[in-house]
Amino acid sequence: MPDFWDKQIQRADYLATESSGSQALLAFYAQLLRAQKEIYESFRSRNDWLPSGDLNNDLLVVQSAMIRLLEVVSRHGPTTLASEAQALLATEPELIAHELLAYWRSPLDTQFFPKAVLQPYARWSAETGTPPVGRDLAGGERTCPFCGGNPQVSFLQAKESSSESGNRDLLCATCLSSWEFRRVVCANCGEERPAQLCYFHSPELDHIRIEACDSCKHYIKGIDLTRLGLAVPLVDEIYAAPLDLWAREHGYKKIELNLVGV
Ligand SMILES: [Zn+2]
Ligand SMILES: [Zn+2]
């Protein structure tokens, strides 16, 4: 099985050369993914260490790995993020610890740095079967059964030969694992009435669509892997940034902003 991070990186590198109006976002995301892979590898290869699930106990390890991310963003990030990264490199570790813990308890998708460094931490926790503790999250079928995170993106894939149109999964914005979800249901409020659910796609991005709900006015993007098996949901979601414009113009709010803030 190809390594999860390599798969995302290769796809981001490839799509960064395509013209979709999101090349700059993807080029930056490819750098971020490389930094996240390094962070993940630093956790994995650490002698006699496994995540405890309680970020309080793992802060030292996470914070020392975070330095790499700050260096990458200060060099390759957009101006505002780059100067934030420089400021954080000079910030007291206690303040950063406080921010990380606040994010872990109650995540906000606008908090770029905690989200970026805790994704590889939560992913390694998920892979080692270490359930997170100390998270103040609602739970329920519309959030990640492992860590309670919001869905970042929805995707369809054929799981069994009998399934013609594919199963729907949601991919977690925190631990990046996925879970099965019903197909014609709003991933934010659970609305099931077809008249309340609307879809939008553009011909240039045939395998990607906006899945919006008129009851709660939220949306998520859906990636159809039965149409394009090469697609990688997390990355293709960013590639389709022009669709977010459409959604915002029509008054819909994204369930969870992606790592590059779209
Ligand atoms: Zn999760
Ligand atoms: Zn809804």
Side-chain angles (χ1 to χ4, degrees), residues 1-13 25-78 81-82 84-91 93 95-105 107-132 134-135 144 146-147 149 152 171-178 232 234-235 238 256-261:
M1 202 172 87
D3 172 82
F4 171 84
W5 298 102
D6 287 338
K7 203 173 156 191
Q8 318 297 311
I9 291 166
Q10 280 160 17
R11 184 72 178 155
D13 281 345
L25 288 176
L26 283 161
F28 174 49
Y29 190 47
Q31 296 295 340
L32 274 182
L33 285 165
R34 286 184 168 85
Q36 287 187 305
K37 181 187 171 179
E38 274 184 46
I39 292 173
Y40 171 86
E41 296 293 352
S42 78
F43 295 150
R44 245 185 97 111
S45 58
R46 209 176 164 85
N47 283 334
D48 299 322
W49 184 82
L50 281 177
S52 69
D54 184 348
L55 184 61
N56 243 321
N57 298 331
D58 299 339
L59 268 176
L60 278 179
V61 175
V62 173
Q63 281 189 256
S64 71
M66 188 175 175
I67 292 170
R68 180 77 193 116
L69 173 83
L70 294 174
E71 287 168 353
V72 166
V73 176
S74 69
R75 235 176 306 139
H76 301 283
L81 271 187
E84 268 183 56
Q86 268 152 19
L88 282 171
L89 280 165
T91 300
L95 286 176
I96 296 179
H98 181 79
E99 262 193 48
L100 288 171
L101 286 170
Y103 180 88
W104 189 242
R105 256 194 312 276
L108 258 185
D109 57 7
T110 49
Q111 290 185 300
F112 169 81
F113 291 100
K115 181 170 174 172
V117 76
L118 290 172
Q119 277 182 342
Y121 170 76
R123 179 160 181 93
W124 181 227
S125 303
E127 285 175 1
T128 53
T130 318
R135 302 199 84 196
C144 171
F146 175 73
C147 79
Q152 182 74 74
L171 190 140
C172 175
T174 307
C175 72
L176 308 176
S177 50
S178 50
V232 174
L234 211 49
V235 182
I238 291 175
E256 169 92 15
L257 294 176
N258 58 37
L259 201 52
V260 295

Non-hydrogen atoms of Ser177 and Arg123 that approach each other most closely: N-NH1, 4.4 Å
Check: Leu234 and Tyr29 side chains under 4.5 Å, non-hydrogen atoms: yes
Distance (rounded to the nearest 0.5 Å) between Ile96 CD1 and Leu70 CG: 6.0 Å
Short N-O contact, Arg34 and Asp13, less than 4.0 angstrom: yes
Minimum heavy-atom distance Phe28-Val260, with the two atoms named: CD2-CG1, 4.0 Å
Gln119 side chain to Gln36 side chain, donor-acceptor N/O pair below 3.5 angstrom: yes
Closest approach of Leu100 to Val62 (non-hydrogen atoms, all atoms of both residues): CD1-CG1, 4.2 Å
Contact summary for Gly149 and Thr174, nearest pair of heavy atoms: CA-OG1, 3.9 Å
Phe4 backbone acceptor or donor facing Gln8 side chain under 3.5 Å: yes
Ring geometry between Tyr40 and Trp5 (parallel below 30°, tilted from 30 to 60°, perpendicular above 60°): tilted
Aromatic ring pairing Trp49/Phe43, orientation class (parallel under 30°, perpendicular over 60°, tilted between): tilted
Atom pair CG (Asp58) and OH (Tyr121), whose distance is rounded to the nearest 0.5 Å: 3.5 Å
Between CG on residue Leu95 and CG on residue Leu88, distance to nearest 0.5 Å: 9.5 Å
NZ/NE/NH1/NH2 to OD/OE distance under 4.0 Å, Asp109 and Lys115: no
Spacing of CG belonging to Leu33 relative to CD belonging to Glu38, to within rounding of 0.5 Å: 12.0 Å
Interatomic spacing from CD in Gln152 to CG in Leu257 - rounded to 0.5 Å: 8.0 Å
From CZ (Arg105) to CG (Asn56), nearest 0.5 Å: 8.0 Å
Taking every non-hydrogen atom, the tightest pair across Asn258 and Ile238: ND2-CG1, 3.5 Å
